[in-house]
Amino acid sequence: MKTIYILAAAILIFSSSCKEHSTEVTTNDVMNTKSADGNTNADLPEIKFDEETHDFGRITQGEKVTYAFKFKNTGGANLIISSANGSCGCTIPSYPKKPILPGEEAVVDVVFASEGKSGMVEKSVTLVTNCEPSTRIIYIKANIIVPTSANPSELPTAH
């Protein structure tokens with residue numbers, strides 16, 4: 001009985017591997033951005049940020065701060081952002097899910113939660129796009145001040 005199952009499995013594997021699979025690739029499926037001589041073959045999207053680094057300055061530990069990184073598609077094709085990832089869990093980006101048309105402006109919002117952090121910090125957000133190159137990195141920085149709690153017995157008293 002065991003050999004019948006093995007034989008049936010082998011026949012199934014061989015019969016499925018003999019089927020012809022469609023491997024036709026059209027020019028619409030591949031966007032070759034540069035030719036061998038380095039010339040660009042197609043209009044590509046291009047992401048141009050107003051600023052790629054934002055400094056929040058001094059913030060108090062525990063604050064959540066947000067910044068909108070404004071950008072424009074200065075290229076000749078629709079710009080698509082496929083992902084945006086913060087360098088740690090304290091840096092949360094949100095980005096447009098729809099294509100940004102040539103000439104159109106949009107924003108990538110970045111929320112930074114400073115809880116548990118202190119001193120000078122710099123965090124990054126990596127964007128994956130259909131531009132050349134495909135990844136872009138934007139940065140936030142802040143000087144996080146830890147609040148001190150005064151002990152009432154140590155405060156000066158009025159005489």
Side-chain angles (χ1 to χ4, degrees), residues 16-17 21-158:
S16 67
S17 66
H21 296 285
S22 174
T23 58
E24 185 179 336
V25 176
T26 68
T27 56
N28 293 334
D29 297 326
V30 178
M31 181 185 260
N32 188 5
T33 59
K34 293 195 178 182
S35 65
D37 64 4
N39 292 326
T40 300
N41 290 334
D43 281 333
L44 296 174
E46 188 173 330
I47 190 167
K48 173 79 171 130
F49 283 93
D50 287 354
E51 67 175 318
E52 294 183 16
T53 301
H54 178 72
D55 188 349
F56 287 108
R58 290 173 57 141
I59 62 173
T60 304
Q61 184 183 57
E63 271 187 88
K64 277 188 179 181
V65 290
T66 303
Y67 186 73
F69 284 91
K70 295 177 187 172
F71 67 91
K72 183 176 186 175
N73 178 0
T74 59
N78 291 350
L79 167 63
I80 298 169
I81 300 174
S82 56
S83 68
N85 295 301
S87 57
C88 73
C90 62
T91 308
I92 311 296
S94 62
Y95 60 95
K97 306 301 189 269
K98 66 174 187 65
I100 295 91
L101 304 175
E104 191 173 74
E105 296 181 347
V107 297
V108 173
D109 289 312
V110 178
V111 177
F112 173 66
S114 64
E115 184 175 327
K117 310 264 185 284
S118 63
M120 293 297 298
V121 296
E122 183 173 305
K123 302 295 178 183
S124 63
V125 173
T126 302
L127 304 169
V128 178
T129 71
N130 63 333
C131 297
E132 184 70 34
S134 62
T135 57
R136 287 294 290 270
I137 302 175
I138 52 179
Y139 301 91
I140 57 168
K141 14 188 220 185
N143 184 8
I144 302 170
I145 307 303
V146 179
T148 57
S149 59
N151 185 342
S153 65
E154 296 175 3
L155 293 174
T157 57

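We use all heavy atoms of the structure for the numbers below, so side chains are in, but hydrogens, waters and symmetry mates are not.
- Separation of atoms CZ (Arg58) and CE (Met120) is listed at 11.0 Å; rounding is to 0.5 Å.
- Considering SG of Cys90 and NZ of Lys117, their distance stands at 4.0 Å, rounded to 0.5 Å.
- Taking the side chain as every heavy atom from C-beta outward, Val65 and Ile140 never approach each other to under 4.5 Å.
- Ring geometry for Tyr67 against His54 counts as parallel: the plane angle stays under 30°, on a 0 to 90° scale with 60° as the upper cut.
- The two residues Glu52 and Ile137 make their nearest non-hydrogen contact at OE1-O, 4.1 Å.
- Checking side-chain atoms of Glu105 against main-chain N and O of Lys72 turns up no donor-acceptor pair under 3.5 Å.
- Enclosure of atom NZ in Lys141 is not indicated, since only 12 or fewer non-hydrogen atoms of other residues, nucleotides or ligands lie within 6.0 angstrom.
- Taking NZ from Lys98 and CG from Leu79, the interatomic distance works out to 10.0 Å, rounded to the nearest 0.5 Å.
- Among all heavy-atom pairs drawn from Ala142 and Phe56, the shortest one is CB-CB, 4.1 Å.
- The structure places CD1 of Ile144 at 4.5 Å from CD1 of Ile59, a figure rounded to the nearest 0.5 Å.
- Nearest heavy-atom pair, Gly57 versus Asp55, reported as atom, atom and distance to 0.1 Å: N-OD1, 2.7 Å.
- Checked by atom type and distance alone, the side chain of Thr129 pairs as donor or acceptor with a backbone atom of Ser134 at under 3.5 Å.
- Checked by atom type and distance alone, the side chain of Ser82 pairs as donor or acceptor with a backbone atom of Val128 at under 3.5 Å.
- With hydrogens and angles ignored, the 3.5 Å screen pairs no side-chain donor or acceptor of Lys64 with any backbone N or O of Gly62.
- The aromatic rings of Phe71 and Phe49 sit tilted, their planes meeting at an angle between 30° and 60°.
- The backbone N or O of Pro99 sits nowhere less than 3.5 Å from a side-chain atom of Asn73 that would complete a donor-acceptor pair.
- When all heavy atoms of Ala77 and Pro45 are compared, the closest pair comes out as O-CB, 3.4 Å.
- The backbone N or O of Ser87 sits nowhere less than 3.5 Å from a side-chain atom of Ser124 that would complete a donor-acceptor pair.
- When all heavy atoms are compared, the tightest approach of Ser114 to Thr60 is OG-O, 3.3 Å.
- Taking OG1 of Thr126 as the reference point, atom CZ of Arg136 lies at 11.5 Å (rounded to 0.5 Å).
- In this structure, Thr66 OG1 and Phe112 CZ are separated by 11.5 Å, a value rounded to the nearest 0.5 Å.
- When all heavy atoms are compared, the tightest approach of Pro93 to Ala84 is CG-O, 3.5 Å.
- For Glu122, there are no side chain to side chain donor-acceptor pair (under 3.5 Å) partners two or more places apart in sequence or in a different chain.
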